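To keep things clear, I will list the structure first and then write my remarks on it.
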Protein chains: 2
Amino acid sequence: MSRSNPRVVSVLERAGGFASAQEVYRLMQREGESIGLTTVYRSLQSLVNDKIVDVLRREDGEAIYRLCGGAHHHHLVCKGCGETIEIEGGAIEKWAKTMAEEFGFRDVGHTAEIFGLCPKC
Amino acid sequence: MSRSNPRVVSVLERAGGFASAQEVYRLMQREGESIGLTTVYRSLQSLVNDKIVDVLRREDGEAIYRLCGGAHHHHLVCKGCGETIEIEGGAIEKWAKTMAEEFGFRDVGHTAEIFGLCPKC
DNA sequence: GCACAAATGAAAATGATTTTCATTTCCATA
DNA sequence: TATGGAAATGAAAATCATTTTCATTTGTGC
Ligand SMILES: [Zn+2]
Ligand SMILES: [Zn+2]
Ligand SMILES: [Zn+2]
Ligand SMILES: [Zn+2]
């Protein structure tokens, strides 16, 4: 059932930072790899499910993907140039845990992102 | 040149939290207000430019808008039944501010959500 | 080879957002 | 009040990422 595609992973590796599904597709085409856009979308979804890939949104709403080091972390993203910094979320982890307990929630996860303009922009 | 539309502002006020352009449009229609979808989009854009309105993205990428200054809060969402609880984010606010300062980011916003299974599920 | 499940991808469908463009509303001035 | 132009409006078409459909191909065990 795992549709995680090693060829897509390889492209993300070479791409370095974030890339959209469309970009991954174009890259593979340019390099002469034969793949369908649908498969790119499915592979990326699968990689996200398997937590091998992070997904965020560009300001225009397009989804962008990136290989994610296993460690849990959060992001500080520049709205101008897209630069992304991985940051510690110690305070968040505690907050999420506290809130979940207070309301009796189990099996809890969370998301947290900060976005603004970096010094260069 | 200001296309900020007081009728759209009024809808956002009544809506309380976040609403997408499509939702604002549907709401106005339901209330018998005559307005075009294009104008809704233009008004919301204008309100964002004038910093009267905040814009975020839903998980599916749809843009959602909210009056600035409406009380800022976060959500605790049940993955099972969808129940949503509005929660305080004091710790987050501080965390976001600290991190942004540390890396010299300006004009900063953030998102934070907790999701899990509520006591009933 | 055979059967059958999973993977693939082309093409169509979807849905939010933007663009076009003709029409209408405002507003200042004669 | 009439008039001319600028700004606002909205219906319809265009755009574009993403999802769905569905027929075909591939892989795997027998
Ligand atoms: Zn930047
Ligand atoms: Zn965290
Ligand atoms: Zn529940
Ligand atoms: Zn907050």
Side-chain angles (χ1 to χ4, degrees), chain A residues 1-12 15 17-68 77 79-80 82 84 111 113 115, chain B residues 1-12 15 17-67 82 109 111:
Chain A
M1 168 81 77
S2 170
R3 282 160 151 164
S4 295
N5 189 322
R7 291 194 295 153
V8 170
V9 173
S10 158
V11 171
L12 284 178
F18 282 101
S20 72
Q22 303 280 348
E23 284 164 355
V24 168
Y25 176 66
R26 272 179 246 131
L27 275 171
M28 294 182 78
Q29 296 245 301
R30 213 170 297 152
E31 293 172 7
E33 293 211 54
S34 167
I35 195 169
L37 183 55
T38 314
T39 302
V40 171
Y41 273 103
R42 279 195 287 238
S43 303
L44 288 170
Q45 250 171 234
S46 183
L47 289 163
V48 169
N49 285 342
D50 298 349
K51 298 194 199 292
I52 296 168
V53 154
D54 266 350
V55 56
L56 283 184
R57 295 263 167 199
R58 292 224 176 97
E59 195 148 5
D60 68 354
E62 189 175 1
I64 50 180
Y65 305 84
R66 177 180 67 169
L67 285 178
C68 163
V77 185
K79 289 189 284 194
T84 302
T111 62
E113 305 276 335
F115 42 87
Chain B
M1 167 85 74
S2 172
R3 282 157 150 169
S4 295
N5 188 323
R7 291 194 296 153
V8 170
V9 173
S10 160
V11 171
L12 285 178
F18 283 100
S20 71
Q22 303 280 347
E23 285 165 356
V24 167
Y25 176 66
R26 273 180 244 129
L27 276 171
M28 294 182 78
Q29 296 244 300
R30 212 171 296 150
E31 292 172 6
E33 293 212 52
S34 168
I35 194 168
L37 183 56
T38 314
T39 302
V40 170
Y41 273 102
R42 278 195 286 238
S43 302
L44 287 170
Q45 249 170 233
S46 182
L47 288 163
V48 169
N49 285 343
D50 298 349
K51 298 196 197 291
I52 295 167
V53 154
D54 266 350
V55 57
L56 282 185
R57 295 267 165 192
R58 290 222 175 98
E59 198 145 355
D60 69 354
E62 189 176 0
I64 50 180
Y65 306 83
R66 148 185 93 170
L67 285 178
T111 62

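Every value quoted in this text rests on a predicted model; they were computed, and no experiment measured them. Hydrogens, waters and symmetry mates are skipped; everything else that's a heavy atom, side chains included, is used. Proteins come first, then strands; the chains are lettered A, B, ... in the order of their sequence lines, and each starts at number 1.
Dashed line: the shortest gap from a side-chain N or O of B:Y41 to OP1 or OP2 of C:dT18 is not under 4.0 Å. Note on B:Q45: every side-chain N or O is 4.0 Å or more away from OP1 and OP2 of C:dT17.
In this structure, B:L44 places its CG atom 16 Å from P of D:dA8, rounding to the nearest Å. Nucleotide D:dT25 holds its P atom 18 Å from the CD1 atom of A:I35, rounded to whole Å. As rounded to whole Å, 10 Å separates atom C1' of D:dA8 from atom CG of B:N5.
Remark: A:E62 engages A:R58 in a salt bridge (charged side-chain N to carboxylate O under 4.0 Å, His left out) (not counting sequence neighbours). Checked against side chain to side chain contact (heavy atoms under 4.5 Å, CB included), A:E113 has the following partners two or more places apart in sequence or in another chain: A:L56, A:H75, A:V77, B:T111. Take B:R57 and apply the side chain to side chain contact (heavy atoms under 4.5 Å, CB included) test, not counting sequence neighbours, and it matches B:A63. Taking B:D54 as the reference, B:R66 meet the side-chain hydrogen bond (donor to acceptor under 3.5 Å, both in side chains) condition, with sequence neighbours excluded. For B:Y25, the side chain to side chain contact (heavy atoms under 4.5 Å, CB included) criterion is met by B:Q29, B:I35, B:L37, B:V40, not counting sequence neighbours. Looking at residues two or more places apart in sequence or on another chain, you find a side-chain hydrogen bond (donor to acceptor under 3.5 Å, both in side chains) between A:S10 and A:R14.
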ask   = Which nucleotides of nucleotides 19-25 of chain C have their base under 4.0 Å from a protein heavy atom (B), which only their sugar-phosphate (S), and which neither (-), written as one string 5' to 3'?
value = B------

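Sorted by first then second residue, the side chain to side chain donor-acceptor pair (under 3.5 Å) pairs that include residues 34-44 of chain B, not counting sequence neighbours, are B:Q22-B:Y41.
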task = Check step by step if side-chain contact (heavy atoms from CB on, under 4.5 Å) holds for A:V53 and A:L67.
result = CA-CA 4 Å; A:V53 154; A:L67 285 178; 3.9 Å; yes

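Of all heavy-atom pairs spanning B:I52 and B:S4, the tightest one is CD1-OG, 4.4 Å.
Looking at residues 57-66 of chain A, you'll see A:E62, A:A63 sit with a heavy atom under 4.0 Å from some atom of DNA chain D. Of the residues in residues 20-34 of chain A, those placing a heavy atom less than 4.0 Å from an atom of DNA chain C are A:S34, in numerical order.
The CD atom of A:E23 lies 11.5 Å from the OH atom of A:Y65; values are rounded to the nearest 0.5 Å. Distance CE/B:M28 to CZ/B:R7: 4.5 Å, rounded to 0.5 Å.
When distances are taken from the side chain of A:R3 to each of D:dT18, D:dG10, C:dT8, the shortest belongs to C:dT8.
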